[in-house]
Amino acid sequence: MPQENGILQSEASQANIYGPHSQAATAEAAVAPPATSSSSSSPPSSSSAFCPVLPSRHIVERQPRMLNFRVEYRQRTVEVVVEEGSAVGEIKHILETELQVPISKMQLKGWKSGDVSDITVLRSLHLPKNNSLYVLTPDIAPTASTSQNSVLQESLNQNFLLVISHREAQRDYNLNFPGSRTIQEMTLAASGISYPCHHLSVCRRSSPANNQEPTEECADVHMVSDSEGDDFEDASEFGVDESEMFGMGSSTGCRKAALMPENSENESDALLHFTAEFSTRYGECHPVFFIGTLEAASQEAFYGKARDRKLLAIYLHNDESVLSNVFCSQMMCADSIVAYLSQNFITWAWDVTKEANKARLLTICTRHFGSVVAQTIRTYKTDQFPLLLTVMGKRTSNEVLNVIQGNTTVDELMMRLMGAMEIFSAQQQEDIKDEDEREAREMVKREQDEAYQLSLEADRKKREAQEREQAEQLRLQQIQKEADDEKEAIRLSLEHALPPEPAEEGGEPISKLRIRTPSGEFLVRRFLGSTKLQILFDFVASKGYPWDDFKLLTTFPRRNITQLDPASSLLEAKLFPQETLFLEAKE
């Protein structure tokens, strides 16, 4: 298979063996047009002695890969398209022409692999097709020419993101400001910082020794830009209080609002205030605190399905402890701790700085965990706070697995949490097994009940079907009986209405007829020659063969007597002196 540069795997292997010079020769051979027969017979060059060129049928021709760069410089944007085999310096040459900035004063930033040199080949950086970079010129002061006034005016309405790295706390803070916000005498839009994002670092500046008493104001903060040209001396210039940025203040200044109001009647409202103030102090990266009562948090953690249950983490904060700020900023807000708590715990918090709130917490813990837990919390001193309790739910009662004090490290905290999780996992597996067995038993019982109900339903439907069938049979029998009775009545009436059979020896002509029925029997009777055909039809009907359902036929020639006029006589129908007929059912 050819690689991205169009060289076969065998070629790439040989190039790696013979070094970078032979690799370049192989790349040239790969993209070069196929050699003619005369050139192929010429002696090999010195470069090809170390990297043999494969026959042209093994070379895959491929267009060079092009890379797109969107380069931001102050209020300008330049689109640059170069080949992947180009060096970083070629991009700077293009930018020098477009931006009128000397290469010696140009810093090209935004590489994902960090700063790179001008001779670095773009292919070695493994870049995607589309990339974004920005140019810094710390040695060139920004100018506001007439042509740039409109651009500057537009930048005043844009938002700038300042990424400030606090060196002491080893944390980053993201601050959004409009371009019109000033840095001392200059706006952000005209300061020359990178748009839309600019990186800064901050540390405390050592103040000159003096005998002045500390004031109520916050200490100065020294900010250093990554462009080495922007020096922001005071965080208050951004409209951001130091305590809001770093979650801490000097011992004599910047008083902090309480995490939880005193004597709050509603626990949910108190915890909403706690979460909002905690985010203001220590940032948005913190555990998700459960908003609700401790009982609701216990229900959420312990009383769902066994597979969905979690441990309960109870965080108890005390602002009077010197460990609180460190524990919150470095432990509770650590990415690993936040992720582990969010995945495996329901976290509930309470502030015990005020005595009224502490007394209320002890009452709540006594109600849910018993007096032993409340007494344990009562024995901890202020400087041992904050506390993090890990609680596991059991069938009969809840058990406190760990009480983690504030004087710990991130690794120790993680180990304690993982130890509690290990105990909980063993108990959870037992609970899952019991729950599965119980659900299996309930499933079997439910299936049996469903099968029994289905059987009852089938029996009921079968019984109803039989009853309907019997009722239908009775109805049909009744209809048939009525029809038979009606036919019998008609037959009897016809039989009584027939004239008497004449004697064989009489004065009038006698016609003797033999009628064969469908069953093979013969009906024999004498009629006067003058008897109408209707009398013959009535005689046949009186024997159970009504002429509406049967037709009377002669043997030879075959004639249908029932189609003749019933008022005609036997003599007229040529059924004299004797004739044999047969009955046939009508279709």
Side-chain angles (χ1 to χ4, degrees), residues 447 449-587:
E447 290 176 353
D449 292 342
E450 291 177 356
Y452 177 71
Q453 293 297 329
L454 291 175
S455 176
L456 291 179
E457 182 69 14
D459 292 343
R460 183 184 63 79
K461 290 182 178 180
K462 184 177 180 180
R463 184 171 59 255
E464 290 177 353
Q466 291 177 349
E467 291 176 354
R468 286 195 300 270
E469 184 179 357
Q470 292 176 357
E472 182 66 16
Q473 289 179 354
L474 290 176
R475 187 183 69 82
L476 293 176
Q477 290 176 359
Q478 182 66 26
I479 293 174
Q480 185 64 34
K481 183 176 181 302
E482 292 176 356
D484 293 343
D485 293 344
E486 183 179 1
K487 289 180 179 181
E488 182 64 18
I490 294 174
R491 190 189 68 78
L492 292 175
S493 64
L494 292 175
E495 187 176 12
H496 288 94
L498 289 175
E501 184 177 7
E504 292 184 2
E505 296 178 358
E508 296 184 13
I510 301 297
S511 178
K512 186 176 182 181
L513 301 179
R514 297 176 71 252
I515 303 171
R516 183 178 179 180
T517 64
S519 61
E521 298 179 357
F522 284 92
L523 302 176
V524 181
R525 193 177 191 281
R526 292 184 299 276
F527 296 92
L528 294 176
S530 60
T531 301
K532 305 297 184 184
L533 290 178
Q534 184 63 52
I535 301 299
L536 175 61
F537 296 156
D538 292 342
F539 169 73
V540 174
S542 66
K543 299 301 181 181
Y545 304 99
W547 69 295
D548 292 337
D549 298 333
F550 294 87
K551 52 187 177 180
L552 195 61
L553 305 174
T554 60
T555 56
F556 186 81
R558 182 183 177 88
R559 290 185 303 156
N560 187 355
I561 303 302
T562 54
Q563 292 180 349
L564 300 178
D565 185 9
S568 59
S569 63
L570 296 178
L571 292 174
E572 296 172 348
K574 298 180 180 180
L575 300 178
F576 178 83
Q578 62 182 7
E579 188 68 38
T580 300
L581 307 173
F582 63 93
L583 288 170
E584 186 178 287
K586 292 183 177 180
E587 296 180 355

Arg463 and Asp459 ion-paired at < 4.0 Å: no
Contact check, side chains of Arg460 and Glu464, non-hydrogen atoms, under 4.5 Å: yes
Heavy atoms from other residues, nucleotides or ligands near CD of Glu501 exceed 12 (cutoff 6.0 Å): yes
Sub-4.5 Å side-chain heavy-atom contact between Ile515 and Leu583: yes
Ser455 (side chain) donor-acceptor with Ala451 (main chain) under 3.5 angstrom: no
Side-chain heavy atoms of Phe537 within contact of Ile561, under 4.5 Å: yes
Flag for Gln480-Asp484: side-chain donor and acceptor within less than 3.5 Å: yes
For Pro546 against Ala541, the heavy-atom pair lying closest together: CA-CB, 3.8 Å
Beyond-backbone contact of Leu581 with Val540, side-chain heavy atoms, under 4.5 angstrom: no
Inter-residue atom distance Lys487.NZ - Ile490.CD1, 0.5 Å rounding: 9.0 Å
N/O donor-acceptor pair under 3.5 Å between Arg526 side chain and Pro502 backbone: yes
Minimum side-chain heavy-atom gap Leu575-Thr554 below 4.5 Å: yes
Spacing of CD belonging to Gln470 relative to CD belonging to Gln477, to within rounding of 0.5 Å: 10.5 Å
pair Leu513-Glu579: side-chain heavy atoms closer than 4.5 Å: yes
Point-to-point distance, once rounded to the nearest 0.5 Å, from OG1 of Thr580 to CZ of Phe556: 14.0 Å
CZ on Phe539 to CD on Gln534, rounded to 0.5 Å: 14.5 Å
Straight-line distance of Ile479 CD1 to Glu482 CD, nearest 0.5 Å: 7.0 Å
Whether over 12 other heavy atoms sit under 6.0 Å from Arg559 CZ: yes
From CA spacing to verdict: side chain to side chain contact (heavy atoms under 4.5 Å, CB included), Thr517, Leu523: CA-CA 7 Å; Thr517 64; Leu523 302 176; 3.9 Å; yes
Heavy atoms of other groups near Gln466 CD, more than 12 under 6.0 Å: yes
Rounded distance (nearest 0.5 Å) linking atom OG1 of Thr562 with atom CG of Leu553: 7.0 Å
Which atom of Arg491 lies closest to which atom of Gly544, heavy atoms considered: CD-N, 4.0 Å
Heavy-atom pair with the smallest gap, counting every atom of Arg516 and Phe522: CB-CE2, 3.5 Å
Side-chain touch Leu528/Ile510, heavy atoms, less than 4.5 angstrom: yes
Crowding at CD, Glu521 (>12 non-hydrogen neighbours, <6.0 Å): no
Arg558/Glu584 ion pair, N-O < 4.0 Å: yes
Val524 and Lys512, any side-chain heavy atoms less than 4.5 Å apart: yes
Heavy-atom pair of closest approach, residues Asn560 and Leu552: OD1-O, 3.4 Å
Contact summary for Ser569 and Gly529, nearest pair of heavy atoms: CB-O, 3.7 Å
Exceeds 12 heavy-atom contacts within 6.0 angstrom, atom NZ of Lys462: no
